[in-house]
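First the structure, in the form of structure tokens, and then the observations on it.
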Amino acid sequence: MSEIRTRFAPSPTGHVHIGNIRVAIFNWLFARHTGGRFLLRIEDTDQQRSTPAACRTLIEAMEWLGLNWDEPPLYQSARREAHLAAAERLLASGHAVREDKGGTGRGECIVFRMPGCDIEFDDLVKGRLRKAAADLKDFVIVRSDGHPVFHLANVLDDIEMGVTHVIRGDDHVENTFRHIALFRALGAPVPRYAHLPMIVNAQGKPYSKRDGDAYVGEFRDRGILADALFNYLALLGWSPGDGRELMTRTEMIEAFSLDGVQASPARFDMTKLLWMNGEYMRRLPPMERLDGHLRDLRAHGLDPDPAELLRVLEVMQDRIKVFSDTAAQTRYFFSDEYPVDAAAWRKRVARPGVLPALDELRRRWAEAGEWSAASLEAMLKATAAELQRPAADLIHAVRLAVSGTPAGPGLFAMLEVLGRDRVLRRLGRAIERASAVSASHDG
RNA sequence: GACCCCAUCGUCCAGAGGUCAGGACACCAGGUUUUCAUCCUGGAAACACGGGUUCGAGUCCCGUUGGGGUCGCCA
């Protein structure tokens, strides 16, 4: 019984908040670090919200993040009889009484009597916490409609599961005094407690429904990698102490300790998460990223051949930092319909002397024997030299003409992937458009 | 209002009485790159305030201010 057992005990709703999932991460890390067990309890006693779909959402989120549990999950709703039986025992032992609390006329409920002494405990992150008896009030453990209340169910299930360390959100500290009294009245050992500070939004305020980007599913949909989110969340309120930030699961497990947990709330910083996601992204082989990129492209009405996408990813290198940026950054590889940066166009294409040069280049590339990055580059430079223009002028113009944007991968690698047909077609189209514009200006 | 908790660069963390208060993200400047991203170099940037304790305080104590949590027959 000296084995450490932690648990994550969410009440399933359709959404899993990042604050909650971070609690799960800390429980998981602590269990894995100590060689203990990480358990899952689903507190599904709220009939309205705890739908099967909500439970599925929760489990999916945990699986996505790799938060595996070591024993079959306990569904709190299945424990009702046990909860009620325990309430009877508390009644019998005099720890609880039946009464119409507050005289509501709703009938009798079961009220737990606080022991009347001060209660204190050593919180693993906040230190010694104490509450005077006068500030501790009796509370309902079974409602007049016969339903067990959270406090009772929670404590009883922790006993049932043999939980040794309760790691939960800061918002539970006040409950802990009552829970400790309950454990004692029930004759069960009191677990150790660790209360994690809350995560607040960019404004430093507690998260509310109005805040976007706060549900685990939204991060996944947006293309954030599970490992990146896990790593980022683990670092919110905890650090290994030696400055390491990008860490593997193994490294985090090895370094994790509740001593290193911050007692003050942490602000969620999307920018840093995005940076971290980029770091994880670039370490991923293209083959492994394929699905994520494909999903974004399809969501934007593009459906490229995987082999072609692979070549595109190759030339894009680490420019795409989150899956959801894929279509925006690579559309021109898969479709002739892509936006054109008007300001850049004016600056690099609609310039005197550029059009004839582009036209000459198009003629030479049309007759090129070999369509490779190296030969294309050689031909462009030769052309520029002969026309006595800086190669950069042509390079920029061609880039705009074939991709519509001034930013992107190395031009020649890009041209090679684009292929001769598309490049010549777009060059032609660009020349046409540019001369039409300049003609109208002249007239 | 009562009870409790918290307080180091803009943000996340280091700092367990003696450090030029360190790192990361973001930001700014320069370099590399045909562009962008990457990469490299450099820079600006913090101990909330006031009292103590101490030879010495970001570190300990008290107060102030500011932020947060809880005060349900919700979980």
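Keep in mind the model is a prediction, meaning the values are calculated, not measured. The sequence lines fix the lettering, A, B, ..., with proteins before strands; numbering per chain opens at 1.
For A:Gln317, no side-chain nitrogen or oxygen approaches OP1 or OP2 of B:rC36 to under 4.0 Å.
The salt bridge (Lys or Arg N to Asp or Glu O under 4.0 Å) analysis of residues 146-161 of chain A, with sequence neighbours excluded, yields the pairs A:Arg7-A:Asp158, A:Arg41-A:Asp157, A:Arg41-A:Asp158, A:Arg79-A:Asp157, A:Arg79-A:Glu160. Evaluation of the salt bridge (Lys or Arg N to Asp or Glu O under 4.0 Å) test over residues 264-278 of chain A, restricted to residues two or more places apart or in two chains, returns A:Glu245-A:Lys272. Evaluation of the salt bridge (Lys or Arg N to Asp or Glu O under 4.0 Å) test over residues 225-237 of chain A, restricted to residues two or more places apart or in two chains, returns A:Asp227-A:Arg249.
Residue A:Arg282 is in sugar-phosphate contact alone, with no base atom involved, counting any heavy-atom pair closer than 4.0 Å across all strands shown.
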Its contact letters, B for base, S for sugar-phosphate only and - for none at protein heavy atoms under 4.0 Å, make nucleotides 23-31 of chain B read BBSS-----

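Partners of A:Arg89 under the salt bridge (Lys or Arg N to Asp or Glu O under 4.0 Å) rule, at least two apart in sequence or in another chain, do not exist in this structure. The salt bridge (Lys or Arg N to Asp or Glu O under 4.0 Å) test applied to A:Arg429 returns no partner, not counting sequence neighbours. Partners of A:Asp138 by salt bridge (Lys or Arg N to Asp or Glu O under 4.0 Å), not counting sequence neighbours, listed by chain and number: A:Arg113. With sequence neighbours excluded, no residue forms a salt bridge (Lys or Arg N to Asp or Glu O under 4.0 Å) with A:Arg106.
For a distance-only test at 3.5 Å, the side chain of A:Arg267 fails to qualify as a donor-acceptor partner of the base of B:rC12.
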Polar-atom pairs under 3.5 Å, protein N or O versus N or O of nucleotides 71-73 of chain B: list them with distances, or write none.
residue: B:rC71; atom: O2'; partner: A:Lys137; partner atom: NZ; Å: 3.2
residue: B:rC73; atom: O2'; partner: A:Arg106; partner atom: NH1; Å: 3.2
residue: B:rC73; atom: O2; partner: A:Ser144; partner atom: N; Å: 2.7
residue: B:rC73; atom: O2; partner: A:Ser144; partner atom: OG; Å: 2.9
residue: B:rC73; atom: N3; partner: A:Ser144; partner atom: OG; Å: 3.0
residue: B:rC73; atom: N4; partner: A:Asp100; partner atom: OD1; Å: 3.2
residue: B:rC73; atom: N4; partner: A:Thr104; partner atom: OG1; Å: 3.1
residue: B:rC73; atom: N4; partner: A:Gly107; partner atom: O; Å: 3.4

Please list, for nucleotides 63-68 of chain B, all pairs of protein and nucleotide N/O atoms separated by less than 3.5 Å.
residue: B:rG68; atom: OP1; partner: A:Lys205; partner atom: NZ; Å: 2.9

Extract all donor-acceptor atom pairs below 3.5 Å that involve side chains of residues 14-26 of chain A and protein atoms in other chains or at least two apart in sequence.
residue: A:His17; atom: ND1; partner: A:Gly19; partner atom: N; Å: 2.8
residue: A:Arg22; atom: NH1; partner: A:Leu236; partner atom: O; Å: 2.5
residue: A:Arg22; atom: NH2; partner: A:Pro197; partner atom: O; Å: 2.3

Kindly list each side-chain donor-acceptor pair under 3.5 angstrom involving residues 401-410 of chain A, sequence neighbours excluded, with atom names and distances?
residue: A:Ser403; atom: OG; partner: A:Arg399; partner atom: O; Å: 2.8
residue: A:Ser403; atom: OG; partner: A:Thr405; partner atom: N; Å: 3.3
residue: A:Ser403; atom: OG; partner: A:Thr405; partner atom: O; Å: 3.2
residue: A:Thr405; atom: OG1; partner: A:Ala407; partner atom: N; Å: 3.1
residue: A:Thr405; atom: OG1; partner: A:Ala407; partner atom: O; Å: 3.3

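Under the Watson-Crick or G-U wobble criterion, with both distances below 3.5 Å, B:rC36 has no partner in any strand shown.
Other residues, nucleotides and ligands contribute only 12 or fewer heavy atoms inside 6.0 Å of the CZ atom of A:Arg192.
Checking B:rU38, B:rC5, B:rA75 against the side-chain heavy atoms of A:Asp318 singles out B:rU38 as nearest.
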